[in-house]
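All remarks here apply to the structure that follows.
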Amino acid sequence: MFKIIKWLLIGLFVVVLLATGLVYGVLNLSLPALDGRGKSDAISQSVKIERDTLGQAVIHAENRLDVAYALGFAHGQDRFFQMDLLRRNAAGELSELFGKAAVGLDKKMRFHQLRKRSQIAVAQLPAKDKALLKAYANGVNEGHAQVGFDSFEYLLTGAEAKPWQSEDSLLIIFSMYLDLQTATFERDKTLIEIEDLYGKAMVDFITQPSLYQAALDNSLLAPYNGGIPNLKDAQWAMTEIAERKELGSNNWAVTGQLTETGAAMLSDDMHLSFAVPIIWYRAQLNYPLNGEMQQITGVSLPGAPAIVVGTNNKIAWGFTNGYLDTADWIALESKEKTWQIDEPILLNDGSIENYALTMSEYGPVKEINGKPYALSWVAHHEYAVDMELLKLEQASTVDDALALAAEVGIPVQNLMVVDDQGNAAWKNMGAVPARKEPHQLAVAEQAYPAAWHENETLRPFVKNPDSGRLWTGNSRVVSAEDDQRFGNGAYAMGARSAQIRDRLFEKQQFNEQDFYDLQHDNEARFLTAWHKLLVKQLSNAGDKYALYLKELNNWQACACSDSIGYTLVKRYRSEVINGLFSPLENKLKALDSSLKPVKRDLEPAVWQLIEVQPEAWLNPEYANWNQQMLAAFDRVITKLTEQYGNNPHSWEWGKVNELVIEHPFAKQIPVLKSLLNMPTAPGFGDTFMPSVQGRSFGASQRFIVQPGHLDKAIMAIPGGQSGHPLSEFYRAGFNDYVSNGLTPLLPQEIAHSITIEAIN
């Protein structure tokens, strides 16, 4: 019997080895060749694609069209499946990969008809931009074809890798609209529902101006002077209100008067959801223009032929999401002005599921509280997407960059730009509707302005302020006066921006290390008031909470990895909000809606409730407000125990907020988890501070640069260049990112080189 078991175990071991070898063998077949020579009839002159020790693509070509081809070739080799997911997601075509499980998401995306809009937009582009997109698409397809064997994702889904088209690059821009501006119209939808349920007074109460404001002119919005509205038919069942990830970013700059070199200095870190591979792709473009060599270094977005954030060594630029109001819901008086169209959704088994979409002259139509509303969103208009961002490559000064702001077809961003002459400036860059009065509630049909079809050309800007300092962090940047014109498109509350601003005024001179330290600032200034409140409540409640008070007294006032007290305070704030606003959440859930889009607005209203303690907002389960507030903390302990066990050391913030960056297929195929995912790392940072980090969310890149002094410039990214798990570049740069290493922006030693000759 022992011998039989022995041979069975040996046999099983051999089978596992063979299976592992087969998996690795198949994966090896899809590794791209990073060295060698080739030929193409899609270029006019030879191009060279080098990779440095991080896998950064260093491109040399004789003109911008061939640069586009070469960048596309590199993207096609390293990131084709990621690009495919982005275009399919924006177009509502994921069901072709994942079947019925993706139909709901596809319907949500088809509502915007972005494939059709991309096709129309391509047809309307200038000839030079069409040629650029065609060159890029040729590069993508030839780079992908060079691999010779589809990546494992296509083998697992059984799907076909379709060729890249010019319109797909515009879908990539639309995918960023979906990431960065969905919050705007979802917030308005929720506020319309709240007005229907509770009246305008409740809307005003929960959207009162933030306690934290950090506009560049330090202007303040008029304070809320209204009372606390009563709750009608309150349903007090405890409900957790989901958090919206604060998709946005930090950036700031100082003029040359605050640096040793006299050049201005820029910091930019864009906050996005994390996955493997990370969204950005490091690249350097080298080509001559008008007899002068151009060198543009930064990050590109696979699927598009541009450097999104970077420098040409004369200027440097970075972005944070602008969150201006770029959407309105139009209340339709009748259904006579609407019509239906069919959007066929193709499934992976070849079958088709039809989606009937209601349209109007104002935009696609959705029912809100049983009434029809049309969505007018900037992404639905002709000026939403174009190739004008590429002009930043040739800008020599801050003024050159500012002049481009209104021409660029991207989701509106806070452009922060600096130059080697010491100038620094901010301006909103991207598509902004020219309608003069934004609305967060419904707009009547007769009030719909024709200016919605035009792009706003007049925009505020700030250049070389007297202080020499500029900052943005997704909260209001414009003056209180300009806020009436541009509106609130789901701004962050401003705590993060205010902390950045205050830090910048603590020093009189800065270098790259100073900026990097500020990017990693995790001081919990925002939660200090919540900490004080919680300590006071637990101190008055007797010895029952002594253990937790000890941790709160040692909380370190930071989102530090070993802080248990920080976890308690963060979770306590969330539970207080859940408890007080469960009646509204329960009413909205009955409408298949949620407070999630406006949860970031609730901070001032929560404190007003805590201070006034109105009887109408007291859950009848509790005798008084003190009991209600302590019950919120009891729920924190219960949930932490259920999630992490009863040992408080397992509640340390670094474990609760552990950084987990996963491949989209890792959850479906756990056996590949260790192969596909990035290593986990202790959490360091949180939402309301410069060092933004969640479990799978945070600074998707950290960029610091002084034009003219790139030898000290930094570009740290939480993942590698390649989407192939066996690539030497799959995790390259990740360890630097999590250990706060100063990863250089400029390419390092060249490790691989491909030359592609033109076939004339």
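- In this structure, Y516 places its OH atom where more than 12 heavy-atom neighbours from other residues, nucleotides or ligands lie under 6.0 Å away.
- Using a 30° and 60° split on the angle between ring planes, F152 and H663 fall in the tilted class, from 30° to 60°.
- Side chain to side chain, E749 and T53 fail the donor-acceptor criterion of an N or O pair below 3.5 Å.
- In this structure a side-chain-to-backbone donor-acceptor pair under 3.5 Å is missing from N455 to P433.
- When all heavy atoms of I278 and I717 are compared, the pair lying nearest together is CG2-CG2, 3.3 Å.
- For S700 and W280, the side-chain atoms include at least one donor-acceptor pair closer than 3.5 Å.
- Residues N312 and Q294 form no side-chain contact, since every pair of their non-hydrogen atoms from C-beta on lies 4.5 Å or further apart.
- The 12-atom threshold is exceeded at NZ of K130, counting heavy atoms of other residues, nucleotides or ligands nearer than 6.0 Å.
- A distance-only check finds no donor-acceptor pair linking the side chain of T320 to the backbone of N250 [under 3.5 Å].
- In this structure, A306 and L71 approach most closely via the heavy-atom pair N-CD2, 4.3 Å.
- Of the residues listed (R88, R87, K134), the one engaging D168 in a salt bridge (charged side-chain N to carboxylate O under 4.0 Å, His left out) is R87, and it is the only one.
- Side-chain atoms of T259 and N511 form no donor-acceptor pair, as typed in the model, at a separation below 3.5 Å.
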**Asked** So Y177 and T326, side-chain contact (heavy atoms from CB on, under 4.5 Å) or not? Walk me through it.
**Response** CA-CA 11 Å; Y177 271 98; T326 56; over 6 Å; no
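- Contact between W164 and S169 at its shortest, heavy atoms only, is NE1-OG, 3.3 Å.
- Taking the six-membered ring where the residue is Trp, the centroids of Y154 and F81 are separated by under 6.0 Å.
- Across I345 and L347, no two heavy atoms sit closer than the pair O-CD1, 3.4 Å.
- Between F697 and H271, the angle of the ring planes goes over 60°, which puts this pair in the perpendicular group of the 30/60° scheme.
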**Request:** List the steps and the verdict of side-chain contact (heavy atoms from CB on, under 4.5 Å) for H60 and Y287.
**Result:** CA-CA 6 Å; H60 301 270; Y287 62 97; over 6 Å; no
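- Q701 contributes a side-chain N or O that, together with a main-chain N or O of D268, makes up a donor-acceptor pair within less than 3.5 Å.
- No side-chain N or O of N464 forms a donor-acceptor pair with one of T255 less than 3.5 Å apart.
- A donor-acceptor contact shorter than 3.5 Å links the side chain of Q748 to the backbone of L746.
- In this structure a side-chain-to-backbone donor-acceptor pair under 3.5 Å is present from D35 to S753.
- For the 3.5 Å distance criterion, the side chains of T397 and D419 fail to qualify, holding no donor opposite an acceptor.
- N63 and S44 share a donor-acceptor pair across their side chains, judged by distance under 3.5 Å alone.
- Looking at heavy atoms from C-beta onward, K463 lies in side-chain contact with D399 at the 4.5 angstrom threshold.
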**Item:** Test side-chain contact (heavy atoms from CB on, under 4.5 Å) applied to L85 and L97, step by step
**Value:** CA-CA 9 Å; L85 283 184; L97 286 179; 3.7 Å; yes
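- The 12-atom threshold is exceeded at CD of Q124, counting heavy atoms of other residues, nucleotides or ligands nearer than 6.0 Å.
- A donor-acceptor pair under 3.5 Å is formed between the side chain of R117 and the backbone N or O of H112.
- Without hydrogens or angle criteria, N89 side chain to L86 main chain gives no donor-acceptor distance under 3.5 Å.
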**Request:** Take Y69 and E142 through the side-chain contact (heavy atoms from CB on, under 4.5 Å) test and state the conclusion after the steps.
**Result:** CA-CA 9 Å; Y69 167 89; E142 293 188 10; 2.6 Å; yes
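- Minimum heavy-atom separation, T311 to V705: CG2-CG2, 4.2 Å.
- In this structure a side-chain-to-backbone donor-acceptor pair under 3.5 Å is missing from E167 to Q119.
- Under 3.5 Å, the side chains of T297 and Q284 contain a donor-acceptor pair of N or O atoms.
- In terms of heavy-atom proximity, F149 sits nearest to L155 at CE2-CD1, 3.9 Å.
- Annotation: E382, atom CD; neighbour count of heavy atoms from other residues, nucleotides and ligands within 6.0 Å does not exceed 12.
- Using a 3.5 Å distance cut-off with no hydrogens or angles, the side chains of S30 and S151 do not pair a donor with an acceptor.
- Side-chain contact, S267 with Q519: a donor N or O sits under 3.5 Å from an acceptor N or O.
- A donor-acceptor pair under 3.5 Å is formed between the side chain of R282 and the backbone N or O of M715.
- For the pair R110 (side chain) and A91 (backbone), a donor-acceptor distance under 3.5 Å is present.
- The only option from K39, R37, K48 that meets the salt bridge (charged side-chain N to carboxylate O under 4.0 Å, His left out) definition with E757 turns out to be R37.
- Looking at heavy atoms from C-beta onward, M387 lies in side-chain contact with L170 at the 4.5 angstrom threshold.
- Here H724 and Y730 keep their ring centres 6.0 angstrom or further from each other.
- The shortest distance between side-chain heavy atoms of L301 and I279 falls below 4.5 Å.
- Checked against R79 for a side chain to side chain donor-acceptor pair (under 3.5 Å), the options H75, Q82, Q77 give a single hit: Q82.
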**Item:** K314/E393 under salt bridge (charged side-chain N to carboxylate O under 4.0 Å, His left out): CA gap, chis, key distance, verdict
**Value:** CA-CA 10 Å; K314 295 178 181 176; E393 294 179 8; over 6 Å; no
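- Between the side chains of N348 and E96, no donor N or O sits under 3.5 Å from an acceptor N or O.
- Using cut-offs of 30° and 60° for the angle between ring planes, the Y383 and H381 rings count as parallel.
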